[in-house]
S.K.: 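Pasting a structure below so you can have a look.
Here is how names work: the chains are called A, B, and so on, in the same order as the sequence lines, proteins then strands, and each is numbered from 1.
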2 protein chains.
Amino acid sequence: MEPVRQALDTFRHPHLTVDVALLTLRQGALHALLLRRREHPFAGTFTLPGGFVREHEPLATAAARVLAEKCDLHDVFLEQLFTFGAPDRDPRGHVVSVAYYALVPHERLHTAIGDDLDLLRLDVPWHDTSGGPIRALDALGTEQPLGFDHAEILGTTMQRLRGKIDYAPVGFELLGETFTLLQLLEVHEAVLGRKLNKDSFRRRLLASGLLQETGDHEGEVAHRPAALYRFLRSNTNPARLA
Amino acid sequence: MEPVRQALDTFRHPHLTVDVALLTLRQGALHALLLRRREHPFAGTFTLPGGFVREHEPLATAAARVLAEKCDLHDVFLEQLFTFGAPDRDPRGHVVSVAYYALVPHERLHTAIGDDLDLLRLDVPWHDTSGGPIRALDALGTEQPLGFDHAEILGTTMQRLRGKIDYAPVGFELLGETFTLLQLLEVHEAVLGRKLNKDSFRRRLLASGLLQETGDHEGEVAHRPAALYRFLRSNTNPARLA
DNA sequence: GAAATAGTGTCTTTAAGACAGTATGTG
DNA sequence: CACATACTGTCTTAAAGACACTATTTC
């Protein structure tokens, strides 16, 4: 028996970690920020950034710390997703992981991408909110294997997002400070994996009270420029964690 | 250094428990199954049944075991709710709790109620899905204090139920094998805390494909007896845990 | 002016709410 | 038969989808 497994087995309780599924929108498709893993187990696969929860550390703080330490990312939208505790999810021993998902505009990620940190495109094989593991594809469209149960965690993230985007203001977290209605529509289409009706989307969002007109319009386009909106963050909307 | 050893040697880690918010419907109102606590801390308060997660034990199994050991309840609807990890939620140390909620018809609880096990009526002070702690009232309508963050856990349970009952078949879990449409309506009204429109409720449920007519009708009523329905459990519906 | 998307107005379709009226049991 | 609730049919209302039409920018 290898020494690591031996060390874990001497303790009677499961260990507690956090994993963070950070999603962003690139070229109209959702991508996840993943780490290329060098060590046993699952060496060579991609995994979500994660780490142990310290004693006296709040769970959301642990998730934010993991993103800061492993990806140099600060002040992103974070929300608890689900806790994964299958006894065999880590071959070294029983590790229970509280999964969080994070959303961030693509512009904020440029510096973070490096050798062992990559954005993989998500391919969701189901078309409703049924759930199940999903696939991660590299720039060439080749499937890259995911370690542990992280394909399952990303699937649960998509399931949560699809169920939530219609009535909760999460789409804004993937856009910059200001955006057009078409950009917001494209976020919703990327999350839901299907085309949406432009007319009713416009009506619904304008009537929702979530949008504030900036007065500005987009530029650099060969057509009538669209009005730019800002997300009106009310006191009941979720906050960011530093 | 290997991360596992680092966590064990450098940092102490939080302990992991499960807590179960078991809800039932009695006299048209939602009640929670609570234990009267005798020990420090929170001696004299009511608390949710809970316990430590054993190594190599799945989380849902731990939740079902707690219900079996502390309440002699088996084979109930159980679903993971949220994981509570505030460092000060237990004054004895950092205890992270994976909360589950359970739903069970009132008839199945009669034997479970005893000296230290009681059903308290829930009083939800908010009228949408905004969330927050809720109150527990005894048979006389007197508020009974809840230990730890269990008022918060019950509040999150109500929030989840209210958000879910409109599109997921959870109302059936609070009813017996067969039921009338009016009984199902009353379940929805108890969960949502408001009156619903009878006509559209009937239309919606009959069109949903979730109900199977038994052919029988209720008896013992001084008016035209209503048709009895059975919940049509499809393969995508949630299962029970033994 | 051509091209392209933004934005407006209106008709149709669909689901919920309202409500009148009929059906069927008990006492 | 009175009464109470079950159930049915239809009108109204609100929101989504469809689509025609106008507006405004770049090239």
S.K.: Could you tell me which residues satisfy side-chain hydrogen bond (donor to acceptor under 3.5 Å, both in side chains) with E189(B), sequence neighbours excluded, listed by chain and number?
M.R.: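 In terms of side-chain hydrogen bond (donor to acceptor under 3.5 Å, both in side chains), with neighbours along the sequence ignored, E189(B) is linked to no residue.
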
S.K.: With each end axis built from five pairs of C1' atoms, what bend angle do you get for the helix from dG1(C)-dC27(D) to dG27(C)-dC1(D)? Round to 10°.
M.R.: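 Comparing the first five pairs with the last five, the axes sit 0° apart.
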
S.K.: Enumerate, atom names and distances included, each donor-acceptor pair closer than 3.5 Å involving a side-chain atom of residues 160-171 of chain A, sequence neighbours excluded.
M.R.:
{"residue": "R160(A)", "atom": "NH1", "partner": "Q80(A)", "partner atom": "O", "Å": "3.2"}
{"residue": "R160(A)", "atom": "NH2", "partner": "L81(A)", "partner atom": "O", "Å": "2.4"}
{"residue": "R162(A)", "atom": "NE", "partner": "V191(A)", "partner atom": "O", "Å": "2.9"}
{"residue": "R162(A)", "atom": "NH1", "partner": "W126(A)", "partner atom": "O", "Å": "2.9"}
{"residue": "R162(A)", "atom": "NH1", "partner": "D128(A)", "partner atom": "O", "Å": "3.2"}
{"residue": "K164(A)", "atom": "NZ", "partner": "E79(A)", "partner atom": "OE1", "Å": "2.5"}
{"residue": "K164(A)", "atom": "NZ", "partner": "E79(A)", "partner atom": "OE2", "Å": "3.4"}

S.K.: Does F179(A) have any ring pair (Phe, Tyr, Trp, His ring centres under 6.0 Å) partners at least two apart in sequence or in another chain, and if so, which?
M.R.: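 Applying ring pair (Phe, Tyr, Trp, His ring centres under 6.0 Å) to F179(A) gives F172(A).
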
S.K.: With sequence neighbours left out, write down each residue that passes ring pair (Phe, Tyr, Trp, His ring centres under 6.0 Å) with F82(A), or none if nothing qualifies.
M.R.: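 Applying ring pair (Phe, Tyr, Trp, His ring centres under 6.0 Å) to F82(A) gives F84(A).
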
S.K.: Strictly by ring-ring contact (aromatic ring centres under 6.0 Å, His included), give each pair with a member in residues 206-225 of chain B just once, sequence neighbours left out.
M.R.: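 As it turns out, there is no ring-ring contact (aromatic ring centres under 6.0 Å, His included) pair with a partner in residues 206-225 of chain B once direct neighbours are skipped.
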
S.K.: Applying side chain to side chain contact (heavy atoms under 4.5 Å, CB included), name anything that partners E143(A), two or more places apart in sequence or on another chain.
M.R.: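 Result, side chain to side chain contact (heavy atoms under 4.5 Å, CB included) vs E143(A): R135(A), L137(A).
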
S.K.: The criterion is side-chain hydrogen bond (donor to acceptor under 3.5 Å, both in side chains); which residues satisfy it with D216(A), sequence neighbours excluded?
M.R.: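 With neighbours one apart ignored, the set is empty.
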
S.K.: What's the closest nucleotide to the side chain of E218(B) if the choices are dA6(D), dA16(D), dG17(C)?
M.R.: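 Ranking dA6(D), dA16(D), dG17(C) by closest atom to the E218(B) side chain puts dA6(D) first.
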
S.K.: How would you list, by chain and number, every residue that makes a salt bridge (Lys or Arg N to Asp or Glu O under 4.0 Å) with D149(A), sequence neighbours excluded?
M.R.: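 Checked D149(A) against salt bridge (Lys or Arg N to Asp or Glu O under 4.0 Å); matches are R89(A).
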
S.K.: Output a table of donor-acceptor pairs, distance under 3.5 Å, between side-chain atoms of residues 21-30 of chain B and any protein atom two or more places apart or on a different chain; print 'none' if there are none.
M.R.:
{"residue": "T24(B)", "atom": "OG1", "partner": "V104(B)", "partner atom": "O", "Å": "2.6"}
{"residue": "T24(B)", "atom": "OG1", "partner": "H106(B)", "partner atom": "N", "Å": "3.1"}

S.K.: Between the protein and nucleotides 11-14 of chain C, list the N/O to N/O atom pairs that are separated by less than 3.5 angstrom.
M.R.:
none

S.K.: Considering only nitrogen or oxygen atoms on both sides, find all protein atoms under 3.5 Å from nucleotides 19-22 of chain C and state each distance.
M.R.:
{"residue": "dC19(C)", "atom": "N4", "partner": "D199(B)", "partner atom": "OD1", "Å": "2.8"}
{"residue": "dC19(C)", "atom": "N4", "partner": "D199(B)", "partner atom": "OD2", "Å": "3.2"}

